[in-house]
Amino acid sequence: AVAFAQGDEGNLVKDPGFESSPAANGYEGWVFVNHGQDFIRGEIEAQDYHTGLKAAAVSVPRTPKVYVCWAQHVLARDDSRLPDTVSLWYRAPDNPANVIMSFSGVRDGVASQKGGISLALEKSRDWRRFTSPVECPSGTTDILFELRVTAEGEYRFDDVSLTRQEQPDT
C-alpha cells in the first residue's frame, strides 16, 4: 500500500520546518495571507528557528484590521488517514496566536463544509512546544490549516505536524 502522508514520519504537512520558499498556492505548501495589509511581513527566515535552518516569521507592527496567517491545505484520502494530533513549536512573546483548522469534504463531486476548530497558542517569550488532539469530522478530505495572528507582535512558527497517532482498525 502506498501511504498518502507527506513530510516526515507520517506528517501530512508539506514543508513542516519551513525550509523552502513560500509556495505558489496553499495546495503546494505554505503561503502567507496578509489580506492586503502591506505593513505586515510574513517571511521564511533563517535568524530565529527551532530546528533546521529556517522558520516562519510574522512581523505585525500595529494592530491588523483582519487576521494574517501562514496557511496550507492538507489533503486526506479517507477517514482512516485523518490526523488526530497537531504539534508545533512557536514563539509569541507579545500576544497569543492561534491554530485554525477548517474541515471540508467532497463526495460525489459536491464540496461541503464540515466545521472547524481554533486552538489557542499562549504568549511565550521562548520557543514552546504545542501539542493537542484534534478530531476531524468523518468525510473530511481537505483541511485548511492556519497559523493565525490577530494582534501586533513578532511571531515564529516551526516544526509543524499533523499526524495520526491512533492506528486505524484493519
Side-chain angles (χ1 to χ4, degrees), residues 5-7 10-18 20 22-45 49-50 55-60 62-76 79 81-106 111-124 127-165:
Q6 300 152 350
N11 188 358
L12 293 172
V13 173
K14 296 173 196 81
D15 191 17
F18 296 91
S20 302
N25 65 63
Y27 288 96
E28 294 178 9
W30 293 108
V31 294
F32 185 68
V33 180
N34 72 356
H35 296 104
Q37 301 171 98
D38 294 335
F39 64 94
I40 298 171
R41 288 185 302 109
E43 299 174 331
I44 294 177
E45 52 101 63
Y49 50 85
H50 179 255
V58 180
S59 297
V60 186
R62 63 181 186 270
T63 303
K65 292 181 188 209
V66 66
Y67 74 88
V68 298
C69 66
W70 280 100
Q72 76 169 253
H73 285 272
V74 176
L75 303 178
D79 287 353
R81 295 185 176 140
L82 287 173
D84 60 14
T85 305
V86 60
S87 178
L88 65 112
W89 286 85
Y90 75 97
R91 282 185 0 105
D94 305 305
N95 281 297
N98 289 284
V99 171
I100 306 290
M101 296 172 67
S102 302
F103 308 108
S104 61
V106 176
S112 64
Q113 297 301 314
K114 301 207 168 274
I117 58 173
S118 176
L119 304 169
L121 301 175
E122 299 174 2
K123 283 175 35 171
S124 179
W127 281 100
R128 176 184 284 185
R129 183 168 188 199
F130 173 83
T131 301
S132 176
V134 295
E135 191 169 327
C136 297
S138 178
T140 297
T141 56
D142 186 334
I143 303 165
L144 176 56
F145 186 90
E146 302 176 38
L147 300 168
R148 188 180 284 190
V149 171
T150 59
E152 68 182 79
E154 296 290 325
Y155 304 85
R156 300 292 181 273
F157 303 100
D158 205 357
D159 304 324
V160 179
S161 70
L162 269 177
T163 56
R164 182 170 191 91
Q165 303 297 318

| message | Run the salt bridge (charged side-chain N to carboxylate O under 4.0 Å, His left out) test against Glu122 and tell me which residues pass, sequence neighbours left out. | response | Arg128

| message | Applying salt bridge (charged side-chain N to carboxylate O under 4.0 Å, His left out), can you list everything that pairs with Arg91, at least two apart in sequence or on another chain? | response | Asp48

| query | Where the side chain of Gln37 meets the backbone of Val66, is there a donor-acceptor pair that is under 3.5 Å apart? | reply | yes

| field | Polar side-chain atom of Trp70 near backbone of Gly42 as donor-acceptor pair, under 3.5 Å | value | no

| Test ring pair (Phe, Tyr, Trp, His ring centres under 6.0 Å) applied to Phe130 - qualifying residues, sequence neighbours left out | none

| query | Do we see a donor-acceptor contact under 3.5 Å between the side chains of Ser59 and Glu154? | reply | yes

| said: If you apply the rule side-chain contact (heavy atoms from CB on, under 4.5 Å), what do you find for Ser161 with Val13, and how did you get there? | reply: CA-CA 6 Å; Ser161 70; Val13 173; 5.6 Å; no

Just to verify, what does [X] make a side chain to side chain contact (heavy atoms under 4.5 Å, CB included) with, not counting sequence neighbours?
{"X": "Ala23", "answer": "Glu28, Val31"}
{"X": "Thr141", "answer": "Val106"}
{"X": "Pro96", "answer": "Lys123"}

Going from [atom1] on [X] to [atom2] on [Y], what distance comes out if it is rounded to the nearest 0.5 angstrom?
{"X": "Thr131", "Y": "Leu88", "atom1": "OG1", "atom2": "CG", "answer": "7.5 Å"}
{"X": "Leu147", "Y": "Gln72", "atom1": "CG", "atom2": "CD", "answer": "9.0 Å"}
{"X": "Lys114", "Y": "Ser138", "atom1": "NZ", "atom2": "OG", "answer": "6.5 Å"}
{"X": "Leu75", "Y": "Ile143", "atom1": "CG", "atom2": "CD1", "answer": "8.5 Å"}
{"X": "Leu119", "Y": "Met101", "atom1": "CG", "atom2": "CE", "answer": "7.5 Å"}
{"X": "Tyr27", "Y": "Leu144", "atom1": "OH", "atom2": "CG", "answer": "8.0 Å"}

Mind checking side-chain hydrogen bond (donor to acceptor under 3.5 Å, both in side chains) for [X] and listing every partner two or more places apart, or none if nothing turns up?
{"X": "Asp84", "result": "none"}
{"X": "Glu43", "result": "Arg41"}
{"X": "Asn95", "result": "none"}
{"X": "Gln165", "result": "Thr163"}

If I compare all heavy atoms of [X] with all of [Y], which pair ends up nearest, and what's the gap?
{"X": "Ile44", "Y": "Ser20", "value": "CD1-O, 2.9 Å"}
{"X": "Val74", "Y": "Leu162", "value": "CG2-CD1, 4.0 Å"}
{"X": "Phe18", "Y": "Val160", "value": "CE1-CG2, 3.8 Å"}

| field | Chi angles and distances behind the side-chain contact (heavy atoms from CB on, under 4.5 Å) call for Arg156, Glu45 | value | CA-CA 9 Å; Arg156 300 292 181 273; Glu45 52 101 63; 3.5 Å; yes

| pair Phe103-Cys136: side-chain heavy atoms closer than 4.5 Å | yes

| field | Where at least one partner belongs to residues 137-152, residue pairs that pass salt bridge (Lys or Arg N to Asp or Glu O under 4.0 Å), sequence neighbours excluded | value | Glu146-Arg148

| Contact list for residues 130-140, test salt bridge (Lys or Arg N to Asp or Glu O under 4.0 Å), sequence neighbours left out | none

| Any idea how Trp30 and Phe145 line up, ring-wise: parallel (<30°), tilted (30 to 60°), or perpendicular (>60°)? | perpendicular

| Does the side-chain contact (heavy atoms from CB on, under 4.5 Å) test come out yes or no for Tyr67 and Asn98, once each step is laid out? | CA-CA 10 Å; Tyr67 74 88; Asn98 289 284; over 6 Å; no

| task | Take Val149 and Phe157 through the test side-chain contact (heavy atoms from CB on, under 4.5 Å) and record every step on the way to the result. | result | CA-CA 11 Å; Val149 171; Phe157 303 100; 4.2 Å; yes

